[in-house]
Amino acid sequence: MKLLITIVQDQDVPGLLEILMENGFSATKLASTGGFLRVGNTTLLIGVDNNKVEGALALIKKTCKKREQNDIVPMIPFGRGSMIPRMDKVTVGGAIVFIVNVERFEKI
Ligand code: 2BA
């Protein structure tokens, strides 16, 4: 068994959960925050049999879209001692997936 630790944009979550459930996968949804943009995203824990990993990845690929977001964290100097926010565009997504071996799975 593998655990797909899957980080996706909030907008893609309803569609992704729906298609995962339709195809017999189980998932747990956690609220998370990206370290770079410091905005909310969603982490899904998806436990899957080894022979279904590619199927789950295909559904993630089909559902999760790349989007441009403003990065307003960095600041640039502006006059003496003051700073203004700098707006950069970054491409976020489709999805970040960590595929981890599960040593043992128990449902009690
Ligand atoms: P964030 O950390 O908020 O990153 C959002 C997007 O900003 C990233 O999209 C990437 O395009 C850009 N970015 C991230 N770090 C950067 C940096 N040091 N310099 C320049 N640009 C940077 P994605 O790569 O699609 O990542 C989406 C979210 O997935 C991330 O949100 C983070 O929550 C998670 N993530 C991505 N890579 C990760 C990793 N290696 N470990 C843990 N979480 C990760």
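Values below: every heavy atom of this structure, side chains too, minus hydrogens, waters and symmetry copies. All ligand and atom numbering here is 1-based and tracks the order in the structure.
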How about [X] and [Y]: do any of their side-chain heavy atoms sit closer than 4.5 Å?
X     : Y      : result
Phe36 : Val90  : yes
Lys2  : Asn101 : yes
Leu44 : Leu30  : no

Does any N or O atom in [X] lie less than 3.5 angstrom from one in ligand 1, N or O only?
X     : answer
Ile96 : no
Gly35 : yes
Phe98 : no

Query raised in the report: Nearest heavy atom to atom 33 (O) of ligand 1: which of Asn41, Ile5, Thr33 does it belong to?
Result: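 Nearest option to atom 33 (O) of ligand 1, by heavy atoms: Asn41.
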
Nearest-neighbour protein heavy atom for [atom], which is reported as residue plus atom name and distance:
atom                    : result
atom 7 (O) of ligand 1  : Phe36 CD2, 3.2 Å
atom 31 (O) of ligand 1 : Gly34 CA, 3.5 Å
atom 43 (N) of ligand 1 : Ile7 CD1, 3.6 Å
atom 6 (C) of ligand 1  : Val92 CG2, 3.9 Å
atom 25 (O) of ligand 1 : Gly93 N, 2.8 Å
atom 10 (C) of ligand 1 : Thr91 O, 3.9 Å

Query - side-chain hydrogen bond (donor to acceptor under 3.5 Å, both in side chains) partners of Thr43, counting only residues at least two apart - result: Ser32

Requested in this report: Enter the distance from Asn70:CG to Asp88:CG here, rounded to the nearest 0.5 Å.
Outcome: 9.0 Å

Query raised in the report: Is Glu54 paired with Lys52 through a side-chain N to carboxylate O contact shorter than 4.0 Å?
Result: no

**Report entry** Salt-bridge contact Arg67-Asp12 (side-chain N to carboxylate O under 4.0 Å)
**Finding:** yes

Requested in this report: Under the side-chain contact (heavy atoms from CB on, under 4.5 Å) rule, collect the residues that match up with Ser26, sequence neighbours excluded.
Outcome: none

Requested in this report: For ligand 1, note which part of Val39 has a heavy atom under 4.0 Å away: side chain, backbone, both or neither.
Outcome: neither

Requested in this report: Record the part of Leu37 in heavy-atom contact with ligand 1 below 4.0 Å; permitted values are side chain, backbone, both and neither.
Outcome: both

